[in-house]
Enquirer: 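This is the structure, below, for whatever I ask next.
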Amino acid sequence: MGKGGKSHEETKSGEDENMAAWLVGLNTLKIQPFKLPPLGPHDARVRMKAVGICGSDVHYLKTMRCAHFVVKEPMVIGHECAGIIEEVGSEVKNLVPGDRVALEPGISCWRCDLCKDGRYNLCPEMKFFATPPVHGSLAHQVVHPADLCFKLPDNVSLEEGAMCEPLSVGVHACRRANIGPETNVLVMGAGPIGLVTMMAARAFGAPRIVIVDVDDNRLSVAKNLGADGIVKVSTNMQDVAEEVERICKAMGGGVDVSFDCAGFNKTMSTALSATRAGGRVCLVGMGHHEMTVPLTPAAAREVDVIGIFRYRNTWPLCIEFLRSGKIDVKPLITHRFGFSQKEVEEAFETSAGGGSAIKVMFNL
């Protein structure tokens, strides 16, 4: 169990009850008591104020698993979060009660070779909010390492602070793909991660960005948020060649880097085919656990394929992008809910239903 807390069964009667949204079974969420662990010397106790719903949260609700992570016992959901410091441990020097903070949700071991090499996002012992068996943050309060609580500037809201988590995915992807002022970018998928990847690529200096999706509404949102070109595509693999032509026409030149933010056979095949010789394809989404894609033609053109997993050292840059106005995530927050049993259920239904929903946010 991570810093998040202990099973609701361990809550002693008579104590002030910290309530949380527990995933207790397939399609079943219950607001129940959530006992916090003792505050360690390097920890902070944070009152949650804004928590977003991620696609992985919905996967856990609908299937009790996400990739190879399986929910085997009741688990508190949620990992995109920000709140207010209520108490700090004896050794915490950089935070005081009342500070508004965004929380990085993953606690790495800092002892393995990957952590020592700076790639702590790949730590095999990672304890990550709402990744079984670690509890999440959709709760009134959580205890978390203070060094993973990042103070927000006055002009950055708590909702924007919670958006640092999905934005971090886009920032990490842009770093991995070396996005800069001479990099024309293709984004496959205009869902929440595709949109924040587009925003991050622009903040990193990408001069032209084309985004692709099967949904007219999401393409319209992408256009309003600054995409230079939009291309509607199908789910039919036979359409790849024709769609690549339309993508290249919309780009008006070569595609230097493609981000596949969906992770399906079709989207990855399109990205590999559309990217110029010597370019890069970054796999961000994980729609399919395994994919069959045309790697040999891509290899013959020396197209590099890279992957990302979560992020590392991204919160300071995300917060600076938000503070400076280089990125505005507020338009992505389309729905807001409170923290009652009814609203929790409605919020997850809204997020799972797609439609006009991009980011669903809880205000606690």
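Note that the coordinates shown come from a computational prediction; the quantities given were computed from them, not determined experimentally.
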Enquirer: Is there side-chain contact between Cys261 and Val187, with at least one heavy-atom pair below 4.5 Å?
Expert: yes
Enquirer: To the nearest 0.5 Å, tell me how far Trp315 CH2 sits from Glu165 CD.
Expert: 5.0 Å
Enquirer: What is the minimum heavy-atom distance between Ala201 and Ile209, and which atoms define it?
Expert: CB-CD1, 3.9 Å
Enquirer: Could you tell me how the ring of His135 sits relative to the ring of Phe34: parallel (under 30°), tilted (30 to 60°) or perpendicular (over 60°)?
Expert: perpendicular
Enquirer: Can you establish whether the number of heavy atoms outside Asn155 located under 6.0 Å from its atom CG is more than 12?
Expert: yes
Enquirer: Is there side-chain contact between Arg310 and Phe128, with at least one heavy-atom pair below 4.5 Å?
Expert: yes
Enquirer: So Met361 and Met163, do their side chains get closer than 4.5 Å, heavy atoms only?
Expert: yes
Enquirer: Do Thr270 and Val233 make a side-chain contact, defined as non-hydrogen atoms from C-beta onward lying under 4.5 Å apart?
Expert: no
Enquirer: If you take all heavy atoms of Leu103 and Val142, which pair is closest and at what distance?
Expert: CD2-CG2, 3.9 Å
Enquirer: How long is the straight-line distance from CD of Glu125 back to CH2 of Trp110, given to the nearest 0.5 Å?
Expert: 14.5 Å
Enquirer: So do the side chains of Tyr311 and Val171 get within less than 4.5 Å of each other, counting heavy atoms only?
Expert: no
Enquirer: Check whether any side-chain heavy atom of Lys62 lies under 4.5 Å from a side-chain heavy atom of Asn27, and answer yes or no.
Expert: yes
Enquirer: As an exercise, state the distance from CG of Asn363 to CZ of Arg336, rounded to the nearest 0.5 Å.
Expert: 6.5 Å
